[in-house]
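In what follows, a structure is listed as structure tokens, so that the remarks can point back to it.
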Number of protein chains: 2
Amino acid sequence: MSDIGIKQLAKNLGISTASVSRALSNPDRVSTAMRKKVQAAAKLAGYRPNKMGASLRTSKTRNIIVIIPDISDTFNSGVIRSLERTAANRGYAVLFGDTQGIRELEITYGDMVQTRQADGIICFSHRLPFTDEDMASESFKMPPLVNSCEYIDADQAGGHVVPLVTIDNVKASRELTQHLIDLGHVDIAVITGDISSPSTTQRLQGYQEAMLSSGLAVQQQLIYEGTYTLEAGSTITKEILLAKKRPTAIFCMCDETALGCLYALKEHNFSIPHDISVVGFDDIKFAQYFSPALTTIAQPVAEIGQQCVEVLLDIIDGKEVKKPMVVLPHQLVIRDSTGPVPDR
Amino acid sequence: MSDIGIKQLAKNLGISTASVSRALSNPDRVSTAMRKKVQAAAKLAGYRPNKMGASLRTSKTRNIIVIIPDISDTFNSGVIRSLERTAANRGYAVLFGDTQGIRELEITYGDMVQTRQADGIICFSHRLPFTDEDMASESFKMPPLVNSCEYIDADQAGGHVVPLVTIDNVKASRELTQHLIDLGHVDIAVITGDISSPSTTQRLQGYQEAMLSSGLAVQQQLIYEGTYTLEAGSTITKEILLAKKRPTAIFCMCDETALGCLYALKEHNFSIPHDISVVGFDDIKFAQYFSPALTTIAQPVAEIGQQCVEVLLDIIDGKEVKKPMVVLPHQLVIRDSTGPVPDR
DNA sequence: TTTCATATGGTAATCGTTTGCCATAATGCA
DNA sequence: TGCATTATGGCAAACGATTACCATATGAAA
């Protein structure tokens, strides 16, 4: 672990730096004898190549930057884990930028490709991490980027198509709503995520489609605008309980919200699903341990992470991207938080 | 966003690269006129400094690598978030390596300082991310490293003192156990984490100390070896329930385990805390939403993250590290999962 | 034996910055 | 006014790898 470089190594062996470099990172280019000699010496000396030097020369960093609003979000962290794993297998390291939804931080992290600290971006937000100014510039070139789970508007992207890995939110939401309808529910409240997020819009659309196609009215007063948080689930549920006409089911657009919802319901002595049914979305690892275990949509977390990396690396490698949008299968998971509509 | 470099910029302005560099990153070194001129031109041209070039020259990367067994662990991700924030404020980016506890991956990530991809390491494991071989070598120099929450043995560290940011696990565990004892519990089962982890050992020690100092026997058959997971909580609790003599309280060494435990208890129709009391450890964000809300030890997640970074940057900057061990205050949070021992 | 292709190793340029050293200009002070 | 500082800008050498290009050696084919 001494601070030895390729130069010193070459000098010690009485050979050129070119041979050392080749023996280590392009072994076919040298004779077996040379290769063995150099590799042995390198190992002995504890030689570690300085990646900065290499990166500078090759203009490849083998880093991926992941831009994410909240790294502690349970659903996201599942995807992250898979990302990281896949990337590592392909020889890439993953940098994370937690933006807390702050625009300025998004920009900072988005800049890391421009400053050559990363080769590409995986983004978990519905906003691109570049200034409008930059994007408007005609010299703007979109760096390798794929979006996870959140659709980005072509308008916002200045006409660029942004590759996306996601499930079909509309369809999943429709199925979930249909499940409630099949149980006889008619008054189904919704606690949305941030409405500026397309995933929320899509899930809302699925809900509406399911209602309408079953001949049920979409009651605007049952749609509550929230966020993807525990707190939103808890506070909005209380609001729902205060309504003159109570719904018999609550559709929470993420599992954390559903947990908050269950909490508030139990606090007010509602029995689930006897009095009110609750569904979530995502199937985070905690969902099956909630009481009652949560009916939800399972997203293929591992595949999402993996595909994000695969697609991104294809772009980085300059390969033709066959599918700008990868839609992965979700699954309706029926557990104990949903039941038939109660008699009135 | 054009691919312009310092050289081109200098040529355009008819000045030397030195002046450009100074105007941008060492502004006091040049005249106001020069500074303004260069900065304006840089902005106009969308100049982005290539950090690889700079890093190579300065041998500073301004990256920190965080090595963590499970990035999706809820407690950890809280700390991570804070880490990331503090680091960003200090101008450092954070890279993450999720090792899944795999030795080989630990080594890979540990190597990133040697290969100059990062300036320092924050480690969430009880093992150092270097090969024994390396550490045994006399030329081994410990890179800047601080450990979060897990103590590292000086033996294992080859005599090096590894700075640590943590709470006092022994004390916290003692208080938590004492809380149960105060409620009249005598037969208190424990579901541990991985026993190779010092945090587990320490929490176990705290438990034992509390029992003994209250004149209670430590019953070995009540100590169940587990892991810091939901699944362990669930399966081991079932085991506990099958025991001839059932405990009246279960001490889970982390909140996720406690959730698994609550789940299993409810599944078998035990009422909490009426029949059995349960405590967790960490106070993850979900804990207060469990049913019943969980009595636990709150760790100062944000401060832990912050301190880790502060200490690490001090080491990187070559400052004297005043305290090799930072012990932060925890808090006993009493909620609804604990109650008086039931009448027999 | 000659000729050509291939295998192997070396030389030195290069990637994009930063910075030590120097020259000159500007300023302060007596 | 003269001299000592200080401010400012340029030159060119790093940093540590990779690699285009070249020279030589080796072997095969004729």
Side-chain angles (χ1 to χ4, degrees), chain A residues 1-39 41-42 45-63 91 111-119, chain B residues 1-39 41-42 45-63 91 111-119:
Chain A
M1 203 114 342
S2 30
D3 267 354
I4 195 176
I6 208 172
K7 256 176 185 158
Q8 190 52 240
L9 212 49
K11 188 184 288 183
N12 292 352
L13 292 169
I15 59 178
S16 75
T17 59
S19 294
V20 178
S21 174
R22 288 197 271 249
L24 296 173
S25 45
N26 203 356
D28 291 343
R29 188 62 178 62
V30 295
S31 66
T32 315
M34 174 70 85
R35 189 185 324 149
K36 292 223 166 121
K37 181 169 72 170
V38 173
Q39 287 176 347
Y47 166 73
R48 296 295 134 98
N50 180 323
K51 295 260 173 140
M52 291 301 154
S55 285
L56 181 59
R57 174 65 218 245
T58 60
S59 38
K60 289 232 148 271
T61 66
R62 305 224 123 215
N63 284 155
D111 216 39
M112 295 185 77
V113 172
Q114 319 295 345
T115 60
R116 312 302 166 123
Q117 298 185 87
D119 299 340
Chain B
M1 201 115 343
S2 31
D3 267 354
I4 194 177
I6 209 173
K7 258 177 184 157
Q8 189 54 239
L9 213 50
K11 189 184 286 183
N12 292 352
L13 292 170
I15 58 178
S16 74
T17 60
S19 294
V20 177
S21 172
R22 288 196 271 249
L24 295 172
S25 46
N26 205 353
D28 291 343
R29 188 61 178 63
V30 296
S31 65
T32 315
M34 174 69 85
R35 190 186 323 151
K36 292 220 166 127
K37 183 170 71 171
V38 174
Q39 287 176 346
Y47 166 73
R48 296 295 135 97
N50 180 322
K51 296 260 173 140
M52 291 300 155
S55 285
L56 180 58
R57 175 62 219 244
T58 61
S59 41
K60 289 231 148 269
T61 66
R62 305 224 123 215
N63 284 155
D111 216 38
M112 295 185 78
V113 172
Q114 319 295 346
T115 60
R116 311 300 166 124
Q117 297 186 87
D119 299 339

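Order of the sequence lines sets the chain letters (A, B, ...), proteins ahead of strands, with each chain counted from 1. Because only heavy atoms are used, hydrogens play no part in the values below, and waters and symmetry mates are left out as well, while side chains stay in. Source: prediction; values computed, not measured.
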_Whole angstrom value for the distance that separates C1' of D/dA17 from CD1 of A/Ile15_ = 15 Å
_Could you report the tightest heavy-atom contact between B/Thr115 and A/Arg48, atom names first, then the distance?_
CG2-CB, 4.2 Å
*Considering all heavy atoms of both residues, which atom of B/Leu9 and which atom of B/Ala41 are nearest to each other, and what is their separation?*
CD1-O, 4.1 Å
*DNA chain C: A/Ala33 or A/Thr58, which has the more 5' nearest nucleotide?*
A/Ala33
*A/Met52 near the nucleic acid: base, sugar-phosphate alone, or nothing, with a heavy-atom cut-off under 4.0 Å?*
nothing
*Any side-chain heavy-atom pair of A/Met52 and B/Met52 under 4.5 Å*: yes
*Closest heavy-atom contact between A/Ser55 and A/Thr61?*
OG-CA, 3.7 Å
*Separation of B/Ile6 atom CD1 from D/dG10 atom P, in whole Å?*
12 Å
_Bend angle of the helix from C/dT1-D/dA30 to C/dA30-D/dT1, from helix axes over five pairs at each end, nearest 10°_ = 30°
*asked:* For chain A and DNA chain C, what are the first and last nucleotides along the strand, 5' to 3', with at least one atom under 4.0 angstrom from a heavy atom of the protein chain?
replied: C/dT8 to C/dG16
_Nearest whole Å is fine: how far is D/dA17 C1' from A/Arg116 CZ?_
17 Å
_Could you walk me through whether B/Val38 and B/Val30 satisfy the side-chain contact (heavy atoms from CB on, under 4.5 Å) test, starting with their C-alpha distance in whole Å, then the side-chain angles of each, then the deciding distance to 0.1 Å, before giving a yes or no?_
CA-CA 10 Å; B/Val38 174; B/Val30 296; over 6 Å; no
*Where is the tightest heavy-atom contact between A/Tyr47 and A/Ile4, given as atom of each residue plus distance?*
CD1-O, 3.4 Å
*asked:* Rounding to an integer number of Å, can you tell me how far B/Gln114 CD sits from D/dG16 C1'?
replied: 16 Å
*Between P of D/dT18 and CG of B/Leu56, the distance in whole Å*: 12 Å
*In residues 18-31 of chain B, which residues come under 4.0 Å of DNA chain D by heavy atom?*
B/Ala18, B/Ser19, B/Arg22, B/Arg29, B/Val30, B/Ser31
*Which pair of heavy atoms, one from B/Thr17 and one from B/Ala10, lies closest together, and at what distance?*
N-CB, 3.7 Å
*Should B/Lys37 and B/Ile15 count as side-chain neighbours, where that means a heavy-atom distance under 4.5 Å?*
yes
*Let me know the distance between CZ of B/Arg57 and P of D/dA12, rounded to the nearest Å.*
16 Å
*Closest approach of A/Ala42 and A/Leu24, non-hydrogen atoms and distance?*
CB-CD2, 4.0 Å
*Over how many whole Å does the gap from A/Met34 atom CE to D/dA25 atom P extend?*
15 Å
*Quick one: on DNA chain D, does A/Gly5 or B/Gly14 contact a more 5' nucleotide (nearest heavy atom)?*
B/Gly14
*Could you state the atom-to-atom distance from NZ of B/Lys60 to P of D/dA14 in whole Å?*
22 Å
*CD/B/Gln117 to CG/A/Asn50 distance, rounded to the nearest 0.5 angstrom?*
9.0 Å
*So with a 6.0 Å cut-off around NZ of B/Lys60, is the heavy-atom count from everything else above 12?*
yes
